Amino acid sequence: PPDLLITMDQVIEFQGGVREKPVDGQEARDFLLSYGDTGSPAVSICGVVVTHVATRKQHTGVDVAKQHFLKMPGGIADELVAKGDVMWCAGGFTVEDPLLAPYLGTREGEMESIQGLPIALTRRLVAAASATTDTTQAEQGGA
């Protein structure tokens, strides 16, 4: 099999703004409480690039998924922030945390996309990149 490099990044769009990792605990708390207050979903936008290392040919894609939330008590938000995991997540939430589970509403799209690496898209891109042959490198004038 060829050597492939998989890279990705994720942001959360919420009510027209972009949310990356929270800068501090207060911002994480504010993010968490805001999701259940509006009825608007947190929209996960994941960009994935799979590069065939030998040929440098890249296969790219974007996956969008939506996570709705129920109203969350401030104490739960405080506990999530104290645990710390939300500080490392785009949008300041992690859907796999059992504390958050009772406050998750409907989801549109893959859970893995909300988590940051959309599996179906990544598999398609890996298959496309794996089909790339080393002759592509020669056609492009070498490495």
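This is a predicted model, so every value here is computed, not measured. For the single chain, residues carry numbers from 1 onward in sequence order.
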Set of side-chain hydrogen bond (donor to acceptor under 3.5 Å, both in side chains) partners for D37, sequence neighbours left out: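 With sequence neighbours excluded, D37 shows a side-chain hydrogen bond (donor to acceptor under 3.5 Å, both in side chains) to K71, given in chain and number order.
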Nearest 0.5 Å, please: how far is [atom2] in [Y] from [atom1] in [X]?
X    : Y    : atom1 : atom2 : result
E27  : R29  : CD    : CZ    : 13.5 Å
I119 : S113 : CD1   : OG    : 9.5 Å
D3   : T51  : CG    : OG1   : 12.0 Å
D78  : L99  : CG    : CG    : 11.5 Å

Check against side-chain contact (heavy atoms from CB on, under 4.5 Å), L5 and V50: CA-CA 6 Å; L5 174 64; V50 177; over 6 Å; no
How about [X] and [Y]: do any of their side-chain heavy atoms sit closer than 4.5 Å?
X    : Y   : result
M111 : V95 : yes
P2   : V53 : no
T38  : F69 : no
V43  : I12 : no

More than 12 heavy atoms of other groups within 6.0 Å of E20 CD: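 Open.
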Chi angles and distances behind the side-chain contact (heavy atoms from CB on, under 4.5 Å) call for T122, I6: CA-CA 8 Å; T122 303; I6 301 171; 4.3 Å; yes
Salt bridge (charged side-chain N to carboxylate O under 4.0 Å, His left out): pairs with one or both residues in residues 101-126, sequence neighbours excluded: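 Not a single pair qualifies under salt bridge (charged side-chain N to carboxylate O under 4.0 Å, His left out).
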Exercise answer: donor-acceptor pairs, residues 81-91 side-chain atoms, under 3.5 Å, sequence neighbours excluded:
| from | atom 1 | to | atom 2 | distance (Å) |
| --- | --- | --- | --- | --- |
| K83 | NZ | D97 | OD1 | 3.1 |
| K83 | NZ | D97 | OD2 | 2.7 |

Hphob cluster co-occupancy, [X] + [Y], side-chain heavy atoms under 4.5 angstrom:
X    : Y   : answer
F14  : M72 : yes
L121 : M8  : yes
L32  : V11 : no
L125 : L4  : yes
V126 : V49 : no

Closest non-hydrogen atom pair between L33 and A77, with its separation: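 Taking every non-hydrogen atom into account, CD2-CB, 3.8 Å.
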Nearest heavy atoms of Q67 and G105, plus distance in Å: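 It is NE2-O, 3.3 Å.
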Backbone N/O of R19 and side chain of E13: donor-acceptor pair under 3.5 Å: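 No, E13 side chain to R19 backbone: no donor-acceptor pair under 3.5 Å.
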Side-chain H-bond candidate by donor/acceptor type, S44 with Q10, under 3.5 Å: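 A donor-acceptor contact under 3.5 Å links the two side chains.
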Any donor-acceptor N or O pair under 3.5 Å, side chains T94, E96: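 Note: T94 and E96 side chains meet the donor-acceptor criterion.
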side-chain contact (heavy atoms from CB on, under 4.5 Å) between V48 and T7, worked out: CA-CA 6 Å; V48 180; T7 55; over 6 Å; no
The single option from Y35, Y103, F31 passing ring-ring contact (aromatic ring centres under 6.0 Å, His included) against F93: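 Passing option: Y35.
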